[in-house]
Participant: 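Quick one: the structure is below, and I'll ask about it shortly.
Proteins come first, then strands; the chains are lettered A, B, ... in the order of their sequence lines, and each starts at number 1.
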Amino acid sequence: MSDAPPPNAQLNDNAHTSSAANTPFGASGGASPLGRRLPRTFYQRSPRRVARELLGMALLRRDCDGVWCGGWIVETEAYLARGDAASHSAIGPTARNASMFAQPGTLYVYSIHAKYCLNAVTQQSGTGSAVLIRALQPVWGLDRMQQRRGLNTVDRRLTSGPARTCQALDVTKKNDGLDLVEDANFAIVRPRLPFSFKIITGSRIGISSAVDQRLRFFIDGNLFVSGRRREHSKPAVDRLPCAEPPVQSRISIDSTTPSD
DNA sequence: AGTACGATGGCCT
DNA sequence: GGCCATCGTACTC
């Protein structure tokens with residue numbers, strides 16, 4: 001799988017799919033040729049940091065017949081525990097968000113608009129913070145994912161958006177609460193190759209409160225990023241106190257690699 | 001039991 | 001860009 005596309009590849013680079021490519025963990029079920037599964041300590045940190053560092057990792061899900069599906073994570077959002085009105089945890093624990101308060105590395109799946117979205121829980125048990133995975137660059141199980149999405153081509157509609165990603169991977173409320181660190185059929189793994197890409201940060205998509213916080217992270221130029229793929233400087237706003245930082249500081253662009 | 005509301009996406013102009 | 005189908009959840013009466 002040394003020919004697996006880097007997470008900043010464009011669509012044409014992604015067109016190859018073969019049965020041989022569908023072996024993200026190897027036949028023995030041992031170490032992944034892509035790298036190793038992220039340990040619990042990875043998720044134990046702040047959602048900001050986890051969201052940023054999940055970019056370029058591989059999200060994988062195994063179907064009941066053993067076929068692996070998934071791809072590179074190219075877009076994430078952090079949802080904080082306290083002082084974040086946009087976070088589901090802001091109202092405290094309920095039946096819906098219970099798994100968001102579980103141990104780090106737990107999968108939190110919620111339903112919205114008759115669809116599903118998936119998160120990785122961060123920090124300590126009881127904290128209530130998580131990272132929403134908004135988009136993948138599809139790599140494994142393309143046929144399977146196309147079938148579930150009702151598409152006959154591999155284009156950005158396949159996994160560009162949180163609910164599209166869940167439908168492609170067949171993630172539903174049934175999977176809520178499983179452990180990404182231990183589950184046999186779900187995993188996030190560190191890629192074997194050190195990719196280099198630019199990370200753009202901006203405001204989160206689809207929320208009405210806390211819109212000024214830059215808690216969305218995505219890979220610059222990636223075709224599968226949903227929503228706004230370019231962050232633009234806001235025009236100067238009157239009524240802004242003099243102490244407000246310069247407008248450009250709302251947008252940060254930097255080069256990182258997914259390795260720590 | 002009734003209602004209002006989304007961390008959305010598909011389709012339309 | 002706008003419009004709205006859809007349904008689980010939380011909240012009100």
Participant: Kindly express the pairing pattern of DNA chain B in dot-bracket notation, using | wherever a base pairs with another strand and counting only Watson-Crick or G-U pairs under 3.5 Å.
Facilitator: ||||||.|||||.

Participant: Looking at Arg216(A), does any N or O in its side chain come under 4.0 Å of the phosphate oxygens OP1/OP2 on dA7(B)?
Facilitator: no

Participant: Measure from the side chain of Ala163(A), starting at C-beta and using heavy atoms only, and say which of dT9(C), dG9(B), dT6(C) lies closest.
Facilitator: dG9(B)

Participant: If you pin His113(A) and Asn97(A) to their nearest nucleotides in DNA chain C, which one's is more 5'?
Facilitator: His113(A)

Participant: Is there a stack between Tyr110(A) and dA7(B), judged by ring centres under 5.5 Å and planes under 30°?
Facilitator: no

Participant: Report yes if at least one side-chain N or O of Arg149(A) is closer than 4.0 Å to OP1 or OP2 of dG9(B); otherwise report no.
Facilitator: no

Participant: Taking the minimum atom-to-atom distance to the side chain of Lys115(A), which one of dA7(B), dA10(C), dT8(B) wins?
Facilitator: dT8(B)

Participant: I want to verify a distance call: between dA7(B), dT8(B), dA10(C), whose nearest atom is closest to the Ile91(A) side chain?
Facilitator: dA10(C)

Participant: Are Arg82(A) and Thr127(A) close enough that a side-chain donor and a side-chain acceptor fall under 3.5 Å?
Facilitator: no

Participant: What's in the same ILVMFWY side-chain cluster as Leu215(A), cut-off under 4.5 Å, chained through other members?
Facilitator: Leu80(A)

Participant: Can you tell me if Thr94(A) touches the phosphate of dA10(C), counting only side-chain N or O atoms and a distance under 4.0 Å to OP1 or OP2?
Facilitator: yes

Participant: Just checking Tyr79(A) against His88(A), ring centres under 6.0 Å apart?
Facilitator: no

Participant: Need to verify one output field. Residue with the more 5' nearest nucleotide on DNA chain C, Ala95(A) or Ile112(A)?
Facilitator: Ile112(A)

